[in-house]
Asker: 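Just passing along the structure, written as C-alpha cells.
Each chain gets a letter, A, B and so on, in the order its sequence line appears, and its residues count up from 1. Remember, it's a predicted structure, so these values are computed and weren't measured experimentally.
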Number of protein chains: 2
Amino acid sequence: MKEKKEDRRIGRTRRLMHEALMALIVEKGYEAITVQDILDRADVGRSTFYAHYRDKDELLLSCFEHLRTLFEQQQQALFAARRTGKDPEVHFILELFRHTRQHHKLYKAIAGKQSGEMILKYLHRDLYTMLIGPLTELIRNKKSPPVPIEITTHHLVSSLLSLMTWWLDNNMPYSAEKMDEIFRILTAPAIETAFGRKVEKKEYESIAGEHPSGSVNAFYSLFVDSGCCPDN
Amino acid sequence: MKEKKEDRRIGRTRRLMHEALMALIVEKGYEAITVQDILDRADVGRSTFYAHYRDKDELLLSCFEHLRTLFEQQQQALFAARRTGKDPEVHFILELFRHTRQHHKLYKAIAGKQSGEMILKYLHRDLYTMLIGPLTELIRNKKSPPVPIEITTHHLVSSLLSLMTWWLDNNMPYSAEKMDEIFRILTAPAIETAFGRKVEKKEYESIAGEHPSGSVNAFYSLFVDSGCCPDN
DNA sequence: CTTTTTTAGAACACAGTGTTCATTAATGAA
DNA sequence: TTCATTAATGAACACTGTGTTCTAAAAAAG
C-alpha cells in the first residue's frame, strides 16, 4: 500500500519548511514573508528550497494539501466506523469544526486572515465542488428554486469560510458544536428555500435546537452519504 | 464650500493614474501589476507617481475611496429626496446593487476577484462598522439572541460581499432588484433570529415576495433611518 | 511677466527572486 | 562496511521591481 522508497532527507526538509512557514505566517503574515525568512527559520539552503518548491505559494499550497489529507483520512475513518454502526451520525460541518479545533495552529496559519488569500480561494473552490453536486441532486424533482443553485452554493461556502476564519482569528471562543449550531441557524432556512420547500414553524424552531435529526439534517448528512469527499 | 485651490495638473495626473490602474486590474489582476505598468499606461513619470502615492496599495485605496464618495453622495441625494416625500422608500442594499450596476466597471476593478484582497477587507470593515451599531440597538430590549450579534453582523457582511463579487465576476446576469431579493431570501431569516423573534410563516413567505414593506424591512430601512451612512 | 508648483527623466541604492554549479554529506542497498 | 546514488550546501550570479534623489523643463497662478 505504502510506497516507501522516499529518501528520509526529503521528508525531513519538507517538514522543516512547512513548520517554518506556518510559524512565520502566525508571526508576521504570509505576504510579509520572504524566501530568505523561510530558509533562516528552517535552516536549509536556498537551492534546497527551490529544489522542492517553485515559489512561496507552492509551499503554502503544499501545507494546505497536507492539512486536507489529514482531514480526509479522519473522515474516512469516521465513515468506516459509521458503517459498522458503532458510531453516531457523522456531520461534515461539525467534523470540520472539530478538526479545526484539533489542529487549530495549522488551520489558523492556513485559513486565518494572516495567511495568503490564495488559500481561501482554493478552499472555496474545493468546498463549492463538493457541495454543488449533491445540492443539485436534492432539488432535481422540486419546483424551481427562488435562488439559483449556484448562488446558494456560493453563499453557503462563503458563510462557512467566513465563520471559520472568524472563529480562528478570535481564538475560538466557542466550541465546535456551538459553531456548527451557529452555522445551521444562519444558513438552514436558506437551504430549505433552495430546496423549494416551505419552512414550517416547527421545523424552523428545531434548527435552533441541539443537532436535531429531522429533515433539516438532510443537507448535512449529504456530505457523508453521497460520497462527496474526494478519494472515495 | 468647495476648496478649489488645487492645481489642475494634480487632478489630471491622479485621474490618469486611477484610470490606468482600473484598466490594468481588469486586464491582468492587481497582484501582477508593477508600478512601471501604471506609469506606462498613465504616461506619467516615475517621480510623479511617488509624489502622489506611497505605493501601489495607496493608489488602489484612493480609487476605492473615490468610489465610496460617489456612492455616499448619491445616498445623500436620495436621502434628501426621501425627506421631501417625493420618492419611495430607499433601501441601502438595493441602492448598493444599483450603484454597482451603474458603475460596474469601477466596481469590478475594485471589488472583483481580480482586485487586491486588501480592498475587500476594507469594505468588510466599513460595512461591519455601519451595521453593528443599528443591529445592536434593535435587539437591545429583546431576549438574548441565539447567535452573538458580532457573528451575525460578520455573517451578513460576508454574505453581501460574497454576492457582490459573484455578481460582478459573472458579468451581472441578474438585475440589481433580483440580487437584492436574493440577498433577502438568503439572509433575512438569520436576521430575524438575531432579533430574537420567531419567524412566522406568513412573514417568511413575504420575504420571497417583491420588496415587502413589512417588519422584515425594519433591518433594511435601518441604513436610511438611523444615519449609519458616514458623513451624515 | 514673475513666482510657485508640478512634472519629466535619468541615475541610483536596495531588496528580493530564482538559477547555476562545484562541493559535501547523508542515505540505502549490497 | 563499502559504495553508488541522491540530496543538501553555499556562494555567486543575473534579473526584476521598488522607492529616492536631483536637475531641468513645463505649466499654472497671481
Asker: Keeping Lys105(A) on the side-chain end and Met22(A) on the backbone end, is there a donor-acceptor pair under 3.5 Å?
Answerer: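 A pair under 3.5 Å: no.
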Asker: Which listed nucleotide (dT27(C), dA8(C), dG16(C)) is nearest to the side chain of Asp7(A)?
Answerer: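 In terms of side-chain proximity for Asp7(A), the closest of dT27(C), dA8(C), dG16(C) is dT27(C).
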Asker: Between residues 12-31 of chain B and DNA chain D, which residues have a heavy-atom gap below 4.0 Å?
Answerer: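 Nucleic-acid contacts, sorted: none.
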Asker: For Leu39(A) and dT17(C), give me the distance from atom CG to atom C1', rounded to whole Å.
Answerer: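 It is 11 Å, rounded to the nearest whole Å.
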Asker: Looking at dG28(C), I'd like to know if its phosphate oxygens (OP1 or OP2) sit under 4.0 Å from a side-chain N or O belonging to Arg8(A).
Answerer: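 Answer yes for this pair, as a side-chain N or O of Arg8(A) is under 4.0 Å from OP1 or OP2.
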Asker: Once side-chain hydrogen bond (donor to acceptor under 3.5 Å, both in side chains) is applied, do any residues pair with Lys108(B), and if so which ones, sequence neighbours excluded?
Answerer: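 side-chain hydrogen bond (donor to acceptor under 3.5 Å, both in side chains) list for Lys108(B), sorted by chain: Asn171(B).
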Asker: Keeping the roles fixed (side chain from Arg46(B), backbone from Val35(B)), state whether a donor-acceptor pair exists under 3.5 Å.
Answerer: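 It does not hold such a pair.
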Asker: Say whether Ser158(B) and His124(B), considering side chains only, have a donor N or O and an acceptor N or O under 3.5 Å apart.
Answerer: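 Present: a donor and an acceptor within the cut-off.
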Asker: So, does His66(B) use its side chain to make a donor-acceptor pair with the main chain of Cys63(B) at under 3.5 Å?
Answerer: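 Not a single qualifying donor-acceptor pair exists.
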Asker: Mind calculating the distance between CG (Asp43(A)) and P (dT9(D)) to the nearest angstrom?
Answerer: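 It works out to 7 Å between those atoms.
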Asker: Are the aromatic ring centres of Tyr107(B) and His99(B) under 6.0 angstrom apart?
Answerer: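 So the answer is yes for these two rings.
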Asker: Please check this pair: side chain of Asp126(B) against backbone of Leu123(B), looking for a donor-acceptor N/O pair closer than 3.5 Å.
Answerer: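 Side chain of Asp126(B) to backbone of Leu123(B): no pair is present.
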Asker: Please report, rounded to the nearest Å, how far the P atom of dG16(C) is from the CG atom of Asp40(A).
Answerer: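 My rounded result for the distance is 11 Å.
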Asker: Categorize Thr48(A) for me: base, sugar-phosphate, or nothing, with a 4.0 angstrom heavy-atom threshold over every strand shown.
Answerer: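 The residue Thr48(A) makes base contact.
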Asker: Walk along nucleotides 20-25 of chain C from 5' to 3' and tag each nucleotide B, S or - by protein heavy-atom contact under 4.0 Å, base first, then sugar-phosphate.
Answerer: BB---B
Asker: Angle between the two end axes of the helix from dC1(C)-dG30(D) to dA30(C)-dT1(D), five base pairs per end, rounded to 10 degrees?
Answerer: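 What I find for the helix from dC1(C)-dG30(D) to dA30(C)-dT1(D) is an axis angle of 40°.
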Asker: Taking side-chain contact (heavy atoms from CB on, under 4.5 Å) as the definition, give me every residue that meets it alongside Tyr122(A), ordered by chain and number, with sequence neighbours left out.
Answerer: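 With sequence neighbours excluded, Tyr122(A) shows a side-chain contact (heavy atoms from CB on, under 4.5 Å) to Leu61(A), Phe64(A), Met118(A), Arg125(A), given in chain and number order.
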Asker: Scan Asp37(A) against the nucleic acid and name what it touches under 4.0 Å (heavy atoms): base, sugar-phosphate only, or nothing.
Answerer: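 If one applies the 4.0 Å heavy-atom cut-off, Asp37(A) turns out to touch nothing in the nucleic acid.
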Asker: Please state how far atom CD1 in Ile10(B) lies from atom P in dT4(C), giving the value in whole angstrom units.
Answerer: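 One finds 17 Å between P of dT4(C) and CD1 of Ile10(B), rounded.
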Asker: What residues in residues 52-65 of chain B put a non-hydrogen atom under 4.0 Å from any atom of DNA chain C?
Answerer: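 Within this stretch, His52(B) sit under 4.0 Å of the strand.
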Asker: Can you tell me if Thr100(A) uses its side chain to pair, donor with acceptor, with the backbone of Leu96(A) under 3.5 Å?
Answerer: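 Yes; at least one donor-acceptor contact below 3.5 Å.
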Asker: Quick check on DNA chain D: between Gln36(B) and Val44(A), whose nearest nucleotide comes earlier from the 5' end?
Answerer: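 Its nucleotide being nearer the 5' end, the pick is Val44(A).
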Asker: With a cut-off of 6.0 Å (strictly less than), are more than 12 heavy atoms of other residues, nucleotides or ligands near NZ of Lys113(A)?
Answerer: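 Counting other residues, nucleotides and ligands, NZ of Lys113(A) stays at 12 neighbours or fewer.
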Asker: Grab the two heavy atoms, one from His18(A) and one from Ser62(A), that are nearest each other, plus how far apart they are.
Answerer: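 Heavy atoms only, the tightest pair is NE2-OG, 2.8 Å.
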Asker: With a 4.5 Å heavy-atom cut-off, do Phe92(B) and Leu131(B) have their side chains touching?
Answerer: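 Not touching, per the 4.5 Å side-chain cut-off.
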Asker: Which label fits Trp166(B) and Tyr174(B): parallel for a plane angle under 30°, tilted from 30 to 60°, or perpendicular past 60°?
Answerer: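 Because their plane-to-plane angle is under 30°, the rings of Trp166(B) and Tyr174(B) count as parallel.
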Asker: If you measure from the Lys or Arg side-chain nitrogens to the Asp or Glu carboxylate oxygens, is any gap between Arg68(B) and Glu72(B) under 4.0 Å?
Answerer: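 Yes, this pair counts.
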